[in-house]
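Side chains are part of it too, since the values below use all heavy atoms of this structure and drop only hydrogens, waters and symmetry mates.
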Amino acid sequence: MKTIYLVIPCYNEQEVLPDTVKHLREKMENLMANGTITKESRVVFVDDGSKDNTWAIIERYHTIYPELFDGLKLSRNEGHQNALYAGLMQMRTQCDAIISMDADLQDDINAIDEMIEKFEEGNEIVYGVRSERETDTKFKRGTAHAFYKLMKLMGVELVYDHADFRLMSALALDALSQYYESNRFLRGIVPMIGYKSTKVYYKRGERKAGESKYPLKKMIGFATEGITSLSVKPIRMITALGVILFLVSLLILLYSFIRHVTGHTVDGWTSTVFSIWAIGGLQLLAIGVIGEYIGKIYLETKDRPKYFIEKRLHNDNKNTK
Ligand code: UDP
Ligand code: MG
């Protein structure tokens with residue numbers, strides 16, 4: 001029997017939390033009753049600097065069910081990935097494995113049984129993978145698939161249709177703790193860890209209440225972050241583009257020389273103006289991409305703390321470990 005923690009980042013989730021708590025309590029009690037997990041297992045909500053009553057709700061449930069629901073409150077909104085990372089790092093020594101999932105219960109909690117089963121079979125990482133996306137809007141589905149394609153093209157290996165619903169053993173979490181980068185894109189880092197891993201398929205439901213905290217703007221930011229923190233392919237592509245442009249410019253040189261010799265020098269205004277704009281634009285783009293990486297280096301060398309825990313509702317049950 002294993003001690004399993006569920007870590008759930010929450011940002012302004014007051015509408016959905018009561019429902020989530022109800023379902024998770026049922027699930028956890030069942031798992032305890034049938035001997036799948038120990039009585040020390042628990043659910044840890046990480047409040048990612050919510051502006052609504054999320055933390056008050058977490059506190060309330062911790063008071064009612066102190067043995068089951070815990071909370072960590074971050075000092076400010078750090079974003080989904082940082083909140084999740086904070087929860088994983090704070091809890092990794094307390095249990096045998098952590099399952100991370102979203103607060104809105106879009107991930108099927110019944111997949112947890114199979115995840116634990118696979119963990120018992122010796123897998124250190126178990127990825128929850130969506131078997132279908134019927135419940136997502138067409139737009140969300142389209143953008144999500146474009147996202148995976150783009151990531152692949154840019155040299156970032158992801159587990160297809162896997163978000164952050166996964167089980168990681170204490171061993172895998174220890175490995176994760178040794179990635180010191182400031183830019184955290186967990187689903188890109190976790191596959192790099194290695195160890196024996198497998199997938200569990202589940203149907204993704206609809207968000208139970210509240211609204212998505214990932215509008216298009218955040219998704220684009222997320223993709224950019226993922227690409228620039230895990231891959232140098234964009235810089236290589238720019239180098240390739242530079243080489244191609246240089247070759248083109250040689251042709252243009254030849255062309256203008258011929259025009260000169262044949263006495264057509266005033267001609268070609270259009271092409272001149274066009275080249276100024278095209279080359280200027282491309283140069284700016286290239287500088288922008290390189291600047292993005294320099295910004296990353298800047299932040300990495302600062303090695304800033306990733307989060308601060310403001311409050312903690314947790315009774316350690318394995319102080320010695
Ligand atoms: N979340 C967070 N901090 C943020 C944004 C989101 O902790 O700044 C949490 C949110 O509460 C939820 C999870 O991250 O538990 C995923 O967010 P959401 O369900 O809105 O994303 P979607 O499922 O629409 O991609
Ligand atoms: Mg969601």
Side-chain angles (χ1 to χ4, degrees), residues 2-32 37-107 109 112 163-168 170 173 176-177 184 186 207-214 305-319 321:
K2 298 285 204 270
T3 300
I4 307 285
Y5 275 26
L6 300 190
V7 166
I8 304 182
C10 309
Y11 178 58
N12 295 344
E13 297 287 10
Q14 61 178 17
E15 286 92 3
V16 81
L17 267 183
D19 213 36
T20 303
V21 162
K22 193 178 126 229
H23 285 100
L24 287 179
R25 192 164 70 89
E26 233 167 70
K27 186 80 216 169
M28 293 295 278
E29 280 172 357
N30 275 340
L31 290 170
M32 286 176 193
I37 60 176
T38 64
K39 296 258 185 272
E40 282 74 42
S41 302
R42 33 183 83 237
V43 178
V44 183
F45 292 109
V46 183
D47 176 20
D48 185 17
S50 297
K51 292 174 184 69
D52 63 1
N53 285 322
T54 299
W55 180 247
I57 297 174
I58 295 170
E59 272 180 324
R60 195 172 78 225
Y61 286 114
H62 175 72
T63 319
I64 309 176
Y65 311 105
E67 299 295 306
L68 193 54
F69 293 108
D70 284 348
L72 288 176
K73 181 174 163 47
L74 301 193
S75 59
R76 50 167 286 201
N77 180 247
E78 296 283 3
H80 178 196
Q81 298 291 299
N82 280 315
L84 178 56
Y85 181 75
L88 296 178
M89 290 303 116
Q90 291 292 312
M91 296 299 156
R92 69 189 173 88
T93 54
Q94 316 273 321
C95 52
D96 298 312
I98 298 184
I99 297 176
S100 52
M101 58 191 299
D102 291 352
D104 54 12
L105 290 196
Q106 277 187 289
D107 307 317
I109 55 173
I112 291 177
D164 284 300
F165 185 29
R166 77 177 85 80
L167 177 146
M168 292 181 78
L173 288 165
L176 180 66
S177 75
R184 296 195 179 283
L186 292 176
R207 189 174 237 286
K208 292 261 190 306
E211 52 196 37
S212 172
K213 311 292 181 293
Y214 272 104
K306 280 92 196 172
Y307 60 87
F308 293 110
I309 307 287
E310 189 177 310
K311 285 187 190 139
R312 170 191 293 267
L313 303 172
H314 178 68
N315 315 317
D316 287 8
N317 50 35
K318 275 197 186 172
N319 287 326
K321 203 172 162 188

How far does [atom1] of [X] sit from [atom2] of [Y], to the nearest 0.5 angstrom?
X: Asn82; Y: Asp48; atom1: CG; atom2: CG; result: 8.0 Å
X: Thr63; Y: Phe69; atom1: OG1; atom2: CZ; result: 12.5 Å
X: Asn77; Y: Asp47; atom1: CG; atom2: CG; result: 9.0 Å
X: Gln14; Y: Lys51; atom1: CD; atom2: NZ; result: 12.5 Å
X: Asp70; Y: Ile8; atom1: CG; atom2: CD1; result: 11.5 Å
X: Glu67; Y: Met32; atom1: CD; atom2: CE; result: 9.0 Å

*Apply the test side chain to side chain contact (heavy atoms under 4.5 Å, CB included) to residues Glu78 and Tyr85: give CA-CA distance (whole Å), side-chain angles for both, the deciding distance (0.1 Å), then the verdict.*
CA-CA 10 Å; Glu78 296 283 3; Tyr85 181 75; over 6 Å; no

*asked:* Using salt bridge (charged side-chain N to carboxylate O under 4.0 Å, His left out), reason through Lys22 and Glu26 one step at a time and then give a plain yes or no.
replied: CA-CA 6 Å; Lys22 193 178 126 229; Glu26 233 167 70; 5.5 Å; no

Is the side chain of [X] donor-acceptor paired with the backbone N or O of [Y] at a distance under 3.5 Å, no angle test?
X: Arg92; Y: Ile98; result: no
X: Asp102; Y: Asp104; result: no
X: Gln81; Y: Leu186; result: yes
X: Ser41; Y: Ile4; result: yes
X: Asn53; Y: Ala56; result: no

Shortest non-hydrogen contact between [X] and [Y], atoms and distance:
X: Ala163; Y: Arg166; result: O-NH2, 3.6 Å
X: His314; Y: Tyr5; result: CE1-OH, 3.3 Å
X: Pro9; Y: Ala103; result: O-CB, 3.8 Å

*Arg312 and Gln90: side-chain donor and acceptor closer than 3.5 Å?*
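There is such a pair (donor and acceptor under 3.5 Å, judged by atom type) between the side chains of Arg312 and Gln90.
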
Check whether any side-chain heavy atom of [X] lies under 4.5 Å from a side-chain heavy atom of [Y], and answer yes or no.
X: Met101; Y: Ile112; result: yes
X: Tyr61; Y: Arg25; result: no
X: Thr3; Y: Gln94; result: no
X: His80; Y: Asp164; result: yes
X: Val46; Y: Leu84; result: no
X: Glu59; Y: Leu313; result: yes
X: Tyr307; Y: Met89; result: yes
X: Leu105; Y: Val16; result: no

_Between Thr20 and Glu13, is the side chain to side chain contact (heavy atoms under 4.5 Å, CB included) condition met? List the steps._
CA-CA 10 Å; Thr20 303; Glu13 297 287 10; over 6 Å; no

*asked:* Does Val21 form a side chain to side chain contact (heavy atoms under 4.5 Å, CB included) with Phe45? I'd like the steps, not just the answer.
replied: CA-CA 10 Å; Val21 162; Phe45 292 109; 3.8 Å; yes

